[in-house]
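In this chain, residues are counted from 1 in sequence order.
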Amino acid sequence: MFTVNFSIKTKHGANWINNVEPRIYAAIKRGRGLFFEWGFYRLDDFHSVRYCSKCGRLGHSKAKCGETPRCFECGDNHASDNCYKAECINCKAHNARTGKHEKTDQLSKERKCPLYIEEINRVIINTDYGVS
């Protein structure tokens, strides 16, 4: 019926990440939530993007990273501990590669990063819910 993948702790409790069969997913989405043991639980889609904890880039994990370790604040080759220069590693590299001028005044893992938003939208488009 459904499987629990993992949970994410929040200040108000936890968010549980589950997989469900397509027909169950469709029924839950129509009802906007789920009644379970005297409680109502709001359900929403969860989409994630791989984020490397070694180089700070999107799209891969530390295990598959071929880059040298980088500062997550600015992308330079030093420890993040004492860096106060917030520049998005991903947008900075994207601008250098393409000649575009994406804003770089956010950190690479922030949800307002244009490349993070683009990656999330790509995941959403490519998600097969099995429901027509």
Side-chain angles (χ1 to χ4, degrees):
M1 186 170 297
F2 75 90
T3 57
V4 176
N5 292 355
F6 58 93
S7 67
I8 300 172
K9 291 183 180 179
T10 66
K11 63 181 177 180
H12 300 293
N15 292 326
W16 292 88
I17 311 305
N18 304 303
N19 281 344
V20 297
E21 295 174 10
R23 63 183 175 76
I24 295 170
Y25 171 81
I28 291 171
K29 286 300 276 188
R30 276 193 305 272
R32 304 243 190 256
L34 181 67
F35 286 100
F36 182 73
E37 291 189 2
W38 307 106
F40 180 77
Y41 299 91
R42 186 180 66 82
L43 299 172
D44 203 353
D45 294 334
F46 176 79
H47 303 285
S48 67
V49 173
R50 290 192 187 274
Y51 178 79
C52 181
S53 60
K54 181 178 174 186
C55 73
R57 292 231 170 126
L58 298 171
H60 67 274
S61 65
K62 180 180 179 179
K64 304 228 177 186
C65 184
E67 299 283 330
T68 57
R70 297 182 179 273
C71 170
F72 291 177
E73 304 292 324
C74 68
D76 291 339
N77 293 330
H78 62 263
S80 300
D81 301 343
N82 297 321
C83 186
Y84 299 103
K85 183 172 94 174
E87 276 191 310
C88 179
I89 298 167
N90 297 299
C91 290
K92 193 172 157 181
H94 178 73
N95 290 345
R97 204 172 44 250
T98 64
K100 291 187 177 180
H101 300 288
E102 298 286 358
K103 288 177 33 177
T104 61
D105 64 344
Q106 73 279 342
L107 296 178
S108 60
K109 202 172 181 179
E110 287 186 37
R111 294 184 184 273
K112 68 180 182 177
C113 168
L115 294 178
Y116 177 85
I117 293 167
E118 190 176 300
E119 282 295 312
I120 287 292
N121 288 335
R122 187 174 294 127
V123 169
I124 292 168
I125 288 168
N126 292 320
T127 300
D128 179 10
Y129 291 101
V131 180
S132 41

Inter-residue atom distance Tyr51.OH - Arg57.CZ, 0.5 Å rounding | 11.0 Å
Hey, are the side chains of Arg50 and Leu58 touching, using non-hydrogen atoms and a 4.5 Å cut-off?
-> no
Check whether any side-chain heavy atom of Cys91 lies under 4.5 Å from a side-chain heavy atom of Gln106, and answer yes or no.
-> yes
Let me see the working for Lys92 and Asp76 under salt bridge (charged side-chain N to carboxylate O under 4.0 Å, His left out), right down to the final yes or no.
-> CA-CA 11 Å; Lys92 193 172 157 181; Asp76 291 339; 3.7 Å; yes
Single-linkage hydrophobic cluster, 4.5 Å side-chain cutoff, Ile124 and Ile117 together = no
Give the minimum heavy-atom separation between His47 and Ile120, together with the two atoms involved.
-> O-CD1, 3.5 Å
Given the rule in the side-chain contact (heavy atoms from CB on, under 4.5 Å) test, do Lys100 and His94 qualify, once you have shown the distances and angles that lead to the verdict?
-> CA-CA 7 Å; Lys100 291 187 177 180; His94 178 73; 3.7 Å; yes
Taking C-beta and beyond as the side chain, do Cys88 and Cys113 meet within less than 4.5 Å on heavy atoms?
-> yes
Close side-chain approach of Asn77 to Arg70, heavy-atom, < 4.5 Å | yes
Minimal heavy-atom distance between Asn90 and Gly56, with the atoms involved, is ND2-O, 3.5 Å
Close side-chain approach of Glu118 and Asn121, heavy atoms under 4.5 Å | no
Heavy-atom closest pair, residues Tyr116 and Arg111 = OH-NH1, 3.3 Å
Would you give the length of the straight line joining atom NZ of Lys62 to atom SG of Cys52, rounded to the nearest 0.5 angstrom?
-> 8.0 Å
Same hydrophobic cluster for Leu107 and Ile89, using side-chain heavy-atom links shorter than 4.5 Å among ILVMFWY?
-> no
Are the side chain of Lys54 and the backbone N or O of Glu67 linked by a donor-acceptor pair below 3.5 Å?
-> yes
